[in-house]
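Okay, so here's the structure we're looking at.
As the structure is a prediction and not an experimental result, all values here were calculated from the model.
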Amino acid sequence: MSRAIKIFKLIYQLSLICILILVGYMIWLDFRVTSEFSGRKWDLPSHIYARPLELFAGAAVSQTELVWELEQLGYRRVSSAKSVGQFSIADNRVQLFVRGFDFWDQNEEPRLLMVEFYGDQISTLRDAKYSPVGIARLEPLRIGGIFPEKVEDRIPVALGEVPPLLVATLIQVEDRAFFEHYGFSIRGIIRSLLTNVAAGEIVGGGSTITQQLVKNFFVGSEQRLSRKVNELLMSMLLEFHYSKEEILETYLNEVFLGQSGDRAIHGFGMASWHYFRQPLNEIGPEKIALLVGMLKGPYTYNPWSKPDNALDRRNLVLSLMANDNLIATEELAALQENPLGQAARPLLSLNPFPGYMRLVRDELEREYEELDFHSEGYEVFTSLDPWVQNQLEDSVSRGVDSLEAGYRIDEGHLQAAGILTRIGSGQITALVGGRDPKFDGFNRALFADRAIGSLIKPTVYLTALQHPHRYTLSTLIEDAPFILDAPNGETWVPQNYDGLARGQLALYSAMANSLNLATARLGLDLEVQTVLDTLAILGIDVDWPDFPAYLLGAGGLTPLEVSTLFHTIAADGFYSPLTTIQGIYDSDGEQAGIRVREIEQRIDPAYVHLIQYAMQVVMLEGTGKSLLSRFPDTALAGKTGTTNDSRDSWFAGFDGRHLGVFWVGRDDNKAMPLTGATGALELWSSTFRAIGAESINYVRPPNVEYFWVDPEKNARTDDNCSAAVYLPYAYESEPDQYVRCDGTGVVESWLNRFLGM
Amino acid sequence: MCRLKNILLSALIGLLVLTGCATAPPSAPEPVVSAPSVVVGPVLEPIDPEYIPEPPRVAVQEPRVVESNQNPALDALVDQALRFLSEREYARAVSTAERAMSIDRYDPRVYLLLAQAHKFSGNLALSRQYAERGLAVSQPDTDTSRALENLK
């Protein structure tokens, strides 16, 4: 008897110990469940967006551009737009039901819009009642992301944002007793077994939604008894602490639904966009069926790689939906006939614009280092214009191929870079870092430091024009050979491109025709350091020595730096640091990392007006005149640049909206048979033709007056003289002398005053 | 007496001859720049004698008077920015004004809005810069230009 008591006591003690261990283990599990499930559950990626397309009467948006943007945003073309995400086309009119978007400054509500076009512009914008609409914005296109360490991509959705049909289908297929069980279901396991046997395949597993969530969130999918026990215990704990709605919402955002390159697709929100290019609230029953069906095996039922499997699986789920009256039985056949509806191709990398994105990331790291973009789920809005970017990429890749073929350059050796910037705001709208814009390699737009050649000349002439009583646009300067002896005993012998000297000519003409001799003489008269100081004022700090060769562009700059330089000129002397970031907002919609956009008047607008005049003459009769026939009646300004032995071909030019800087050359720095006019200018031309060029809005600033001048004599003359030119002068610097039309009889102004005339 | 008269007459004739020989005073060139202010300059002599360029058409315009702006989209954004200013939502006012600037960067009202928003936000140096920018594109002696002057 005592022995039995002893055994009983031992068993009792052991049981107590086991219970204690179990309780302790449960407490630990409970802590793990609550600490990881409460608060933020994931490291949220930050999503990066392009600029939103703005629609208004008079906007330079063509019908082609609008339709292209709508297709990128996943809008579907229908015969008549009746719900969000649809558009229709009738002749020159587009009817679209915009989705709406919660912008940083105000909400854009979903609504029906009617857009009418005339030429390449919007002529009218109206709402559903045909009332005029002042301005409307489409939602911005997502162009990239910054992902957490695990490279999980998701677009979190609240339970209320998920289509009820998807929730009902999910529960029906995966866990019918979800709202009744406490984390696991014996009946569910048995029912699943019977369903699978009846279907002849695995339709649903025995795990509840809660168990699946625990598996994904905590324990993994390894088939071990200990893991299953943990899964069971944690499921019960999860159900104890959290509501069914919270568990379901987390499941909808956590579940794995595929892979895209190195990026894992998690959650139905991201999956809808990945497979269909549509937001979750827009997909219909057949797409819901496909997504739910893919839960059993995202690879096995991938619509791109295994379309037959995907179709069968989807149709099976549709049948189940009809059995449970989630869809009408009479709709079933038609839905099963529908194609899968996936996008044309998977997004292997959500980084369609790697060149531009590199600049965005650099700017975020440099300017917003206090923000954690890998986990806090920021929304970053950039100034990328996808349409302009698309045209730029096309122009560069085709243009380089064409130049290689046309000039018999070794195939594959030519490279290029291009940057487009909105004038005034300094926002970069498009960027290409190489001839293959989709290749994320060496970004020449940002890092290729190349000699700029004649691109330096506007800086030289601007330096001169800032001394209006020494130099004006009509000042006669000498384009004649000379030899300069350097202190080190070497000599510098500049030459014009064609080896010819022009003699004496007007300053503006020397710049327009990019004459080296005249420029070098002018620069030496001003002193090299003074020119370099102007460069710094325009926004480029360089550590170039004050050698004369730098007056003709021996120094190197990147295309981005050249853009900064010329943007200050294009923006009438106001400097702004170039930027890609329009705004950053946290997951609550609050502005994060507030930065103020700088602007500073660096050069008197009166002098910039003069250099802009000279740059327009470049396009009319100088080295850029080949564009005249391609852009008739369009005021443009620019400057070509060619370096020694034609190793670099540059063009920097602007219209009324954009500054475009292009470079063409070889990475091995070998010579090529291209000048600025025959190389980079061609890429600029095809890009601006594609996006539509607008005339420069050339506004006369105060302190600038125009006079008719004889350019050969630097004297005022009559307005009916065939040789006269109408030139701007700053601060009363116009010529004192006057000459008659026939060129005779220079009359000093003092006689005019004497005669009282 | 007769001799004196001859001398005077000769002097008078001589003076008249001189006056007649003097170059006709040039009339001040009529300012061609007027509303609509578009000017076309004549052709220059080409360097290549066989090349005959088109006359350079460097069209220059006068700064725009604010009231002449007819862009409803711009007006809508300006009104919206003003509302944000009145509600002390300065960041939103700046954002809206920047949208307006992308539509028309030569409308001085845009710069006035930016100058005001930055001033109220405490960015005085930036406010002055936007005021300068606005003055560079505005007609003098308008309400907008006077407001910009006050912000310089």
Check your understanding: P605(A) and A136(B): which non-hydrogen atoms are nearest, and at how many Å?
Key ->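 What the structure gives for the nearest pair is CG-CB, 4.3 Å.
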Review point. Atom CG in N71(B), atom CZ in F56(A): separation rounded to 0.5 Å?
Key: 6.0 Å
Check your understanding: Taking atom CD of Q591(A) and atom OG of S95(B), what is their separation to the nearest 0.5 Å?
Key -> 8.0 Å
Revision key, fill the gap. Applied to residues 85-97 of chain B, the salt bridge (charged side-chain N to carboxylate O under 4.0 Å, His left out) test, sequence neighbours excluded, yields none
Practice item. Could you have a look at L135(B), T96(B), I103(B) and say which one has the most heavy-atom pairs with chain A under 4.5 angstrom? Key: I103(B)
Check your understanding: Relative to chain B, which of L55(A), I599(A), L727(A), L500(A) shows the most heavy atom pairs under 4.5 Å?
Key -> I599(A)
Review point. What residue, out of Q106(A), Q612(A), E705(A), R597(A), has the most heavy-atom pairs lying under 4.5 Å from chain B?
Key: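 Most pairs with chain B among the choices: R597(A).
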Exercise for review: Anything in residues 116-133 of chain B with a heavy-atom distance to chain A below 4.5 Å? Please list those residues in order.
Suggested key: H118(B), N123(B), L126(B), Q129(B), Y130(B), E132(B), R133(B)
Check your understanding: Do R99(B) and I135(A) have side-chain heavy atoms sitting under 4.5 Å apart?
Key -> yes
Relative to chain B, which segment of [X] carries a heavy atom at a distance below 4.5 Å: side chain, backbone, both, or neither?
| X | answer |
| --- | --- |
| E54(A) | side chain |
| R137(A) | side chain |
| L125(A) | neither |

Exercise for review: Go through the structure and list residues passing side-chain contact (heavy atoms from CB on, under 4.5 Å) with S425(A), not counting sequence neighbours.
Suggested key: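 By the side-chain contact (heavy atoms from CB on, under 4.5 Å) rule, S425(A) matches R422(A), Q427(A), M101(B).
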Point to revise | Contacting region of L114(B) [heavy-atom separation from chain A under 4.5 Å] | key: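 Neither; nothing under 4.5 Å.
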Point to revise | For E598(A), all residues meeting salt bridge (Lys or Arg N to Asp or Glu O under 4.0 Å), sequence neighbours excluded | key: none
